[in-house]
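Each chain gets a letter, A, B and so on, in the order the sequences are listed, and its residues count up from 1.
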Amino acid sequence: MSRAAQISGSIRRRLIGQLVLGSAVLAAVLVLLVTNLARNVAQDTQDSILMASVTSILDTMTVRDGEISVDLPYAALSMLGNVSEDRVFYRILADGQLLTGYEDLPDPGDPGRDGGYITAPYAGTEVRMATAERRLSVAGTPIMVTVSVAQTRQGLMQTLAQVSRRGAAVGIGFFVLAALLAVLTTEFGLRPLRDLAGAVSRRGPKDLRSVKGPVPQEMAPLVISLNSFIDRLRYSLSRSEDFIAEAAHRVRTPLFTVRTQAEIALRRVERPENRAAIKEMIRALDESSRAAGQLLDHAMVTFRTDHLEKERVLLTELAEELVDRLRPVADLRDIGLSMQSEGTPEVLGDAVLIENALRNVLDNAIKYSAPDSDVDIRIGREASDCFIMVRDHAGGFPEGALHRMTERFARGDNAGGTVGSGLGLTIAREVLEAHGGRLTLENKGDGACVTLWFPAS
Amino acid sequence: MRFLLVEDSMTLASAVLDRLRLDGHVVDHAPDVEQARAFAEAADYDLILLDIMLPDGDGRDFLKSHRQARNETPVIVLTARSAVSDRVSVLDLGADDYITKPFDFSELEARCRAVLRRRGGGASTVQRFGDVTFDPLAGTLTVGDRRVSLRNKELRLLEIFLSAPDRIFSKPKLVDRLFSYDEDVSDNAIEVYVGRLRKHLVGSDVEIVTVRGMGYRISRA
Ligand SMILES: Nc1ncnc2c1ncn2[C@@H]1O[C@H](COP(=O)(O)OP(=O)(O)OP(=O)(O)O)[C@@H](O)[C@H]1O
Ligand SMILES: [Mg+2]
């Protein structure tokens, strides 16, 4: 009874997808932040050294004899050399006229009061340049000196690349860890759902108990509606089975009272033709009652095989109980029931159905046998199959019509006047087929041999 | 025998009452649990036939209290359905057997006999006629120091004869009671069983007499 539901996506996949995507975004942002921070820190460091150098140059500038003198301090440029292998350039302008240094350094624009920085291409690469101005008074005239110190950025770039690589590694590590956590969290988070699904799907089709056990709060509505669904299902299932039993009872009870009255009448009536009429009536009532019983048994069997619930069934035990029960009925016709069992064959199935099948077969053996004969039941195992074999001495099935006897309403010529509806062997066959087994009919010696075969559990 | 029938359906009950009385049994009828308790306390029954679904309670409750009161009267439960769970529970509660309604009277009779035999019905049921002793529960017939086991049909036939010694039973009536209605037997089939009984009775002062054109009767020589 496994029907595929219409599937649209998977919560697990969706959750994992979203969590992984989230961690990817987080990792990328992290890498960007780290490299950006590193870039800023490195830039600030370079800038402050450049500016320190510019300031120290400015500080050494003096006016001597109406001339501006520059005593370029060694330390001013050497502190730049400490930072990296990068080349250093400088330029000192006085009112825009080159005093010393590299004239072709890029134009710093207006550096402002506190000095300014630019990044510009120079000497085939890129340089960072700090510039500051100071007003000097030369012979009463104010002269603006502009000092620029520039440095190439290779070292900085290398550091930055290194930092970026580290950052990326950390980012990837973070991503992997987060993705792993996402999978674990999802699995863990979905476990109650899976447990619930497992608990429900492991059940037999007849197990209609409510789902119990602690479930997370979020799942409570699901479990509550599942339980109410189970309740409704149980109710309607029990009603169908009860209905079948009730229907059989309702149909047969009036037949029973009429039959009893007819039997009583028969005891009082003497004239042969009246007696024959009453007997005919009793027979007809028996036929109807039997037909109603068998039809409803058949409905019950169909219903139960549709919802087949399997449990361990010990064939010997089941047969023994049934044979004990049938013994008084067999005794009425002085028919001996003997049973022989090898081992303890066990099958998986519905005991009610198996009992019903065997009852119909035994019922035939008793019904079609002549008084004072014997019916033998053998239970055992052959290869991997278990069997119950019923043999009688009732003359066997009509030759040629043997294969037809398990069809619905099929009755043999040998049935003669016996009461029957032709459903007994149909019921037995359907029960066995539902269990993956089969029913075989043979004629052996002076009687029939009917075998119920079950696949071993 | 003395029966108590506990059954709420009046049509079913009256059919059972009529039929059992016809066979010479004494039957009381209780339509609910309360009256069933009253009857069971007031009189000794050989057997109680108990329906499960009763208007004022569950037949199983009656069964439980019946057993707790150490009342030894055997109980056969009348069930409307033959679901395994139903019978297991009634057998666990101390029922001796169950039969699915509506039942065949010969089946009911056979089950009663089996239950009483299992319970060891005691000497009370043993019948003496002339110099033969007949134990219908054990199914034995004793003539002098010779004891034979009777087959079922022989036993029932003897029971019928002994229920009214010297009365004539016609062949058709005997066939009715010995065979089911769908068994295709002629009236002469009864001769076989009469023949067997006569053989068992050889050496006693009891004989089964053929009354020409009428039937048979059992008499002391
Ligand atoms: N043990 C047997 N010996 C001889 N013939 C048999 C035996 N069992 C069944 N049959 C034949 O097979 C036919 C079908 O059997 P089946 O049990 O299906 O129906 P039924 O006995 O006629 O009716 P019911 O449904 O009341 O059992 C019978 O009518 C009879 O002719
Ligand atoms: Mg049959």
Side chain, backbone, both or neither: which part of B/D176 has a heavy atom under 4.5 Å from chain A? side chain
Full working for side chain to side chain contact (heavy atoms under 4.5 Å, CB included) between A/D334 and B/E154: CA-CA 9 Å; A/D334 286 321; B/E154 299 162 15; 5.8 Å; no
Decide if atom CG of A/D413 counts as having more than 12 heavy atoms of other residues, nucleotides or ligands within a radius under 6.0 Å. no
Would you indicate whether the side-chain heavy atoms of B/Y98 and A/R325 approach each other to under 4.5 Å? yes
Chain B contacts, top residue of A/R267, A/Q261, A/M300, A/R333 (heavy-atom pairs, under 4.5 Å): A/R267
Pick from A/V329, A/T260, A/L332, A/I264: which one has the most heavy-atom pairs with chain B under 4.5 Å? A/L332
Where on A/L266 is there a heavy atom nearer than 4.5 Å to chain B: the side chain, the backbone, both, or neither? both
Checking B/R177 against chain A: side chain, backbone, both or neither under 4.5 Å from a heavy atom? side chain
The interface call for A/V251 against chain B, heavy-atom contacts under 4.5 Å, is neither
Least distance between heavy atoms, A/E263 atom then B/F105 atom: OE2-CD1, 4.1 Å
For the candidates B/P102, B/S170, B/S180, which exhibits the highest count of non-hydrogen atom pairs separated by less than 4.5 Å from chain A? B/P102
Residues of residues 361-373 of chain A contacting chain B, heavy-atom criterion under 4.5 Å, by residue number: A/P371, A/D372
Drop me the distance from A/T257's OG1 to B/R19's CZ, to the nearest 0.5 angstrom. 14.0 Å
Are more than 12 heavy atoms from other residues, nucleotides or ligands located less than 6.0 Å from atom CZ of B/R167? no
B/E183 portion near chain A, given a 4.5 angstrom heavy-atom threshold: side chain
What is the distance from atom CD1 of A/I335 to atom CZ of B/R151, rounded to the nearest 0.5 Å? 9.5 Å
Least distance between heavy atoms, A/P328 atom then B/A114 atom: CG-CB, 4.0 Å
Looking at B/R113, B/K153, B/R111, which makes the most heavy-atom pairs under 4.5 Å with chain A? B/R111
Can you confirm whether A/E317 is buried at CD, in the sense that more than 12 heavy atoms of other residues, nucleotides or ligands lie under 6.0 Å from that atom? no
Would the number of heavy atoms belonging to other residues, nucleotides or ligands and lying under 6.0 Å from CZ of A/R250 be above 12? no
Do you know which of A/E280, A/E270, A/R259, A/R275 has the most heavy-atom pairs with chain B at a distance under 4.5 angstrom? A/R275
Other residues, nucleotides and ligands only: do more than 12 of their heavy atoms fall within 6.0 Å of CZ on B/R21? yes
Chain A shares the most heavy-atom pairs under 4.5 Å, among B/D97, B/N152, B/D104, B/L178, with B/N152
How long is the gap from CZ on A/R283 to OH on B/Y181, to the nearest 0.5 Å? 13.0 Å
